[in-house]
Amino acid sequence: MSEWQVKKLEEMTARELFAILYTRSEVFVVEQECVFQEPTIEDLTCLHVFKVDEKQDLVAYARIIDNEEYITFGRVITASKYRGAGEGQKLLTTVMAEINKRYPNRPVKIQAQAYLEKFYGSFGFKSVSDYYLEDDIKHIDMAK
């Protein structure tokens, strides 16, 4: 299995981009039954953090976005065949290390699916909102 990659869109291979967009659509649009634009305009300027396996299939992915006032990350996924193997933990460790390296001392805010509140809490995030629905999925805002 490859190492974690952190790339801008123009640095990615066509195969890497395909693997990311395919899996994002598979998880968010099909599995979670959310109808929304995928990909989004943020994909043009964000940092893509990902790992692929020996077949070049996506293992896990997230994107980091600089919103000038704060940093955020999202589209956090682990491909279904890699769930339960600790790849989500490794992904978030990589994401947070990259944020700390590139954007030291900047606040980080995320919109988390509510069932992942404890997971993000283990990385130091605190809930800063009430629960709300987005795409019919319970979410909560969190910050660090």
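Every heavy atom of this structure was used, including side-chain atoms; hydrogens, water molecules and symmetry mates were not. Positions are given from 1, in the same order as the sequence printed here.
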Between [atom1] of [X] and [atom2] of [Y], what distance do you get to the nearest 0.5 Å?
X     : Y      : atom1 : atom2 : answer
Thr72 : Ile99  : OG1   : CD1   : 8.0 Å
Lys81 : Arg83  : NZ    : CZ    : 12.5 Å
Thr78 : Gln89  : OG1   : CD    : 10.0 Å
Ile65 : Ile110 : CD1   : CD1   : 12.0 Å

Q | Set of salt bridge (Lys or Arg N to Asp or Glu O under 4.0 Å) partners for Lys90, sequence neighbours left out | A | Glu87
Q | salt bridge (Lys or Arg N to Asp or Glu O under 4.0 Å) partners of Lys7, counting only residues at least two apart | A | Glu16
Non-hydrogen atoms of [X] and [Y] that approach each other most closely:
X      : Y      : value
Leu91  : Ile77  : CD2-O, 3.9 Å
Ser2   : Lys51  : O-CD, 2.9 Å
Met142 : Phe125 : CE-O, 3.7 Å
Gly88  : Phe119 : O-CZ, 3.6 Å
Cys46  : Ile64  : CB-O, 3.1 Å

Could you list the residues that satisfy side chain to side chain contact (heavy atoms under 4.5 Å, CB included) with [X], not counting sequence neighbours?
X      : result
Lys55  : Asp53, Asp57
Ala114 : Tyr131, Lys138
Ser25  : Val29
Ala97  : none

Decide yes or no for [X] and [Y]: does some side-chain heavy atom of the first lie under 4.5 Å from some side-chain heavy atom of the second?
X      : Y      : answer
Tyr120 : Leu92  : yes
Ser127 : Glu117 : yes
Ile20  : Arg63  : no
Leu47  : Lys8   : yes

Listed partners of [X] passing side-chain hydrogen bond (donor to acceptor under 3.5 Å, both in side chains), at least two apart:
X      : value
Thr45  : none
Gln111 : Tyr132, Glu134
Glu42  : Thr40
His48  : Tyr61

**Q.** More than 12 heavy atoms from other groups under 6.0 Å of CD1 on Ile41
**A.** no
Q) Got a sec: does the CD of Glu10 have more than 12 other heavy atoms crowding it under 6.0 Å? A) yes
Q: For the pair Asp43 (side chain) and Pro39 (backbone), establish whether a donor and an acceptor sit closer than 3.5 Å, ignoring hydrogens and angles.
A: no
Do [X] and [Y] belong to the same hydrophobic cluster, where Ile, Leu, Val, Met, Phe, Trp and Tyr are linked whenever their side-chain heavy atoms lie under 4.5 Å apart, directly or via other members?
X      : Y      : result
Leu17  : Phe28  : yes
Leu133 : Ile140 : no
Trp4   : Ile71  : yes
Val6   : Met96  : yes
Val95  : Tyr103 : yes

Q | Basic-acidic side-chain contact under 4.0 Å: Lys109, Asp141 | A | no
Q: Assess whether ring-ring contact (aromatic ring centres under 6.0 Å, His included) is satisfied between Phe73 and Phe123, documenting all intermediate values.
A: CA-CA 13 Å; Phe73 61 85; Phe123 287 90; 8.6 Å; no
**Q.** Partner residues of Phe50 under the ring pair (Phe, Tyr, Trp, His ring centres under 6.0 Å) criterion, sequence neighbours left out
**A.** none
Q) What residue pairs, at least two apart or across chains, pass salt bridge (charged side-chain N to carboxylate O under 4.0 Å, His left out) with a residue in residues 92-106? A) Asp66-Arg106, Glu98-Lys101, Glu98-Arg102
